Amino acid sequence: MPLKANIDRHDTDILILGTGGAGLFAALHAQQSAPPGTKITIAVKGLVGKCGCTRMVQGGYNVALGGGDSVERHFMDTIHGGKWLPNQDMAWKLCKEAVTRIHELENEIGCYFDRNPDGSVHQKAFAGQTADRTVHKGDLTGIEIINRLMEQVLALRVRRLEEHRALAFVPAKEDGAVSGVLMTDMRDGAFRFVQAKTVLLATGGGPSMYLYHTPSGDKASDGYAMALRSGLALRDMEMVQFHPTGIYGSGCLITEGARGEGGYLTNSEGERFMERYAPQYKDLAPRDYVSRSMTMEIREGRGVGEHGDHIHLNLSHLPAEALAERLPGISESAKIFAGVDVTKEPIPVLPTVHYNMGGIPTNYWGEVLNPTKDDPNAVVPGLMAVGEAGCASVHGANRLGSNSLIDLVVFGRAAAIRAGDVVDRGASVPATNTASVDKAFDRFDFYRNANGGIPTADLRLEMQRCMQSDAAVFRESKTLEEGVAKMTEIAAKLPDVKVTDRSLVWNSDLMETLELTNLMPNALATIVGAEARKESRGAHAHEDYSERDDENWRVHTISRVDGNKVELSYRPVITDPLTPEKDGGIELKKIAPKARTF
């Protein structure tokens with residue numbers, strides 16, 4: 001019997017894919033803002049609130065709450081930290097709206113954050129910032145926010161589809177709008193086509209295209225790949241953030257809040273080497289800068305360990321009670337993944353892939369853009385993206401630590417409000433392009449029955465090793481050119497992959513193969529975009545072009561992938577602030593590009 005004969009059809013007004021912080025926040029606000037009776041469905045390939053990167057957040061939530069800080073100062077840090085690649089209108093909205101949203105998180109959603117002795121909210125130091133502005137709950141802030149959001153969302157009349165893997169967007173029959181998503185229920189092998197008037201992607205990023213990464217391996221570019229297969233574009237994919245402190249050997253994240261509490265990095269000579277690279281900021285320089293400094297120490301023979309290939313993070317000088325109160329999560333992680341007692345020994349760490357600054361291009365309302373030569377802001381009807389899946393270009397070439405939580409809260413809410421405003425309860429769901437459904441089934445069945453010569457794990461390892469060696473912390477023309485050639489060859493091997501399990505129920509072999517098909521175009525867009533960018537900017541450190549080139553390269557990279565071919569184009573950065581200087585807006589000279597010193 002053909003697979004599509006077993007399809008279960010379901011219609012909804014708003015479909016949200018992903019239930020990390022962005023997805024749950026969007027679900028909550030969609031319910032609040034949409035007309036009464038609006039049908040909302042959330043779907044996730046794991047369990048609601050139990051997967052996604054927000055739950056893993058150790059750091060916190062950046063917000064200017066006074067005490068010498070200001071929205072303008074936060075905005076300037078975000079622009080400077082992003083190396084003048086953020087769109088300035090979006091960055092201003094992010095920093096300004098963060099103030100209102102922190103009050104919502106605490107007073108309406110019920111999050112409880114650490115306090116000072118006088119009862120005020122405690123804000124700690126975080127890298128690359130000129131004020132202590134990170135609100136937190138110890139080093140388990142993500143769990144606090146996700147648990148409270150889960151309580152709110154589970155009380156709503158929202159349909160939940162758990163352990164469902166999205167396979168493809170399905171376009172409408174006539175106008176090219178997205179009319180729904182085809183997915184498979186991994187528990188029983190059933191297929192579901194959820195027709196929707198609006199599809200909101202909160203599917204996260206794709207750092208597992210690299211060999212060493214801090215998020216779990218199932219963060220596999222799912223949303224990015226579905227967008228690319230639908231003919232849409234990605235933006236700034238070459239901007240991949242390496243977090244300075246992943247535990248050596250496992251990649252498990254150690255929050256930079258550890259350095260905010262007074263931790264510091266040392267080399268094999270016991271030297272606090274960041275004082276040489278960043279005399280002012282020291283260990284709290286931006287992530288890209290610290291990662292490069294650590295890599296240089298290792299390159300120059302001052303790494304620690306048997307092979308001299310990592311660095312030490314020292315916390316043992318801090319009071320044990322402070323570590324237990326402020327950093328309980330990383331104390332436990334260091335014990336489990338490195339066998340280290342942080343009160344007595346340093347933690348072995350290494351720069352590790354952490355975050356995609358790029359993604360699916362969106363406007364402030366989370367509406368997906370499909371840039372063309374004539375209209376760089378053309379909106380794709382019925383499709384939105386938020387969180388790490390979307391790219392409103394607020395992080396530019398380097399995200400400030402703890403700006404990710406405000407991104408998903410601010411834009412998750414904005415997208416939900418927009419979806420609630422535009423949904424027409426009385427209208428029917430757009431008619432489906434059935435040929436696209438057939439194409440998605442054919443693709444699924446091809447990989448389910450794939451009997452080539454390369455096991456999925458082997459091909460994935462080829463991709464990860466290529467990306468790790470040729471598109472890493474430091475990049476150079478020779479290795480980037482070689483990397484593009486290698487990745488093109490690796491991607492061409494996908495049709496020759498071998499899947500041994502033909503079943504539909506809990507088929508991990510097939511699921512990992514589908515994830516690999518999602519990671520591959522992301523890896524191609526990343527390395528091809530990096531090879532083309534002839535400058536150094538933020539996370540993109542090019543040894544043959546060591547300076548930032550604002551005249552030629554202060555632009556966004558737009559990438560489209562077809563098979564193993566990548567087409568690049570470019571769009572200018574939006575440099576106009578929301579409020580002109582003459583009307584009381586920020587002085588433009590304050591945010592003009594300049595050489596950054598730390």
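Since this is a predicted model, take the numbers as computed values, not measurements.
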Item to check | Pairing residues for His164 by the ring pair (Phe, Tyr, Trp, His ring centres under 6.0 Å) criterion, not counting sequence neighbours | outcome: none

Checklist entry - Under the side chain to side chain donor-acceptor pair (under 3.5 Å) test, which residues partner Arg418, sequence neighbours left out? => result Glu367

Checklist entry - Which residue pairs pass the side-chain hydrogen bond (donor to acceptor under 3.5 Å, both in side chains) test when at least one of the two sits in residues 371-383, sequence neighbours left out? => result none

Checklist entry - Tell me the ring pair (Phe, Tyr, Trp, His ring centres under 6.0 Å) pairs involving residues 10-32, sequence neighbours left out? => result Phe25-His29

Next on the checklist: Suppose the criterion is ring pair (Phe, Tyr, Trp, His ring centres under 6.0 Å): which pairs have a residue in residues 377-416, not counting sequence neighbours?
Outcome noted: Tyr355-His395, Tyr364-Phe411

Item to check | Contacts of type side-chain contact (heavy atoms from CB on, under 4.5 Å), residue Asp421, not counting sequence neighbours | outcome: Ile417

Next on the checklist: Which residues pass the ring pair (Phe, Tyr, Trp, His ring centres under 6.0 Å) test with Phe242, not counting sequence neighbours?
Outcome noted: Tyr210

Checklist entry - How would you list, by chain and number, every residue that makes a ring pair (Phe, Tyr, Trp, His ring centres under 6.0 Å) with His213, sequence neighbours excluded? => result none

Checklist outcome for this item: By side chain to side chain donor-acceptor pair (under 3.5 Å), Thr526 pairs with (sequence neighbours left out) none

Next on the checklist: The criterion is side chain to side chain donor-acceptor pair (under 3.5 Å); which residues satisfy it with Thr432, sequence neighbours excluded?
Outcome noted: Gln195

Checklist entry - Which pairs count as salt bridge (Lys or Arg N to Asp or Glu O under 4.0 Å) when at least one residue sits in residues 196-217, sequence neighbours excluded? => result Asp13-Lys197

Checklist entry - Which pairs with one or both residues in residues 41-59 pass salt bridge (Lys or Arg N to Asp or Glu O under 4.0 Å), sequence neighbours excluded? => result Lys45-Asp222, Lys45-Glu515

